[in-house]
Amino acid sequence: MKRSRFSEERIIGVLREQEAGGKTAGICRRHGIGTATFHAWTAKFGGMEVSEAKRLKALEDENAKLKRLLADAILDASVLKDLLAEKW
């Protein structure tokens, strides 16, 4: 998975600049991001504190790990079913 150039702290800082009254186009130009990226950040991190954003990131990582574990377990179960079906 691609890693972001921006940390949660920096993203929330950029969003706070806009909340303080800055123009979105100027903020995007200054930080080198596109307006689509800015609006995606607003949708994801809007109204959050830094600690909440870090917790969200940790939960997303844990969720991805659990999904991988579930996929592996399902794959193992299907392989076992196939082997048992061939034997009987």
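Between Leu56 and Glu8, every side-chain heavy-atom pair lies at or beyond the 4.5 Å cut-off. The side-chain heavy atoms of Ile74 and Leu70, taken from C-beta on, include a pair separated by under 4.5 Å.
Pairs engaging residues 56-79 under the ring-ring contact (aromatic ring centres under 6.0 Å, His included) rule: none recorded [sequence neighbours left out]. Residue pairs meeting the salt bridge (Lys or Arg N to Asp or Glu O under 4.0 Å) criterion with at least one partner in residues 65-80, sequence neighbours excluded, do not occur; the list is empty.
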Distance-only donor-acceptor pairs under 3.5 Å for side chains of residues 47-55, two or more places apart:
unit_1	atom_1	unit_2	atom_2	d
Glu49	OE1	Arg16	NH2	3.1
Glu49	OE2	Arg16	NH2	3.2
Glu52	OE1	Glu49	N	2.9
Lys54	NZ	Glu9	OE2	2.8

Can you give the donor-acceptor pairs under 3.5 Å from side chains of residues 18-43 to other protein atoms, not counting sequence neighbours?
unit_1	atom_1	unit_2	atom_2	d
Arg30	NH1	Glu17	OE1	2.7
His31	NE2	Glu17	OE2	2.9
Thr42	OG1	Phe38	O	2.9

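Side-chain heavy-atom separations under 4.5 angstrom define the hydrophobic clusters, and the remaining members of the one that includes Leu69 are Leu66.
Every residue was checked against the salt bridge (charged side-chain N to carboxylate O under 4.0 Å, His left out) condition with Glu62, not counting sequence neighbours, and none meets it.
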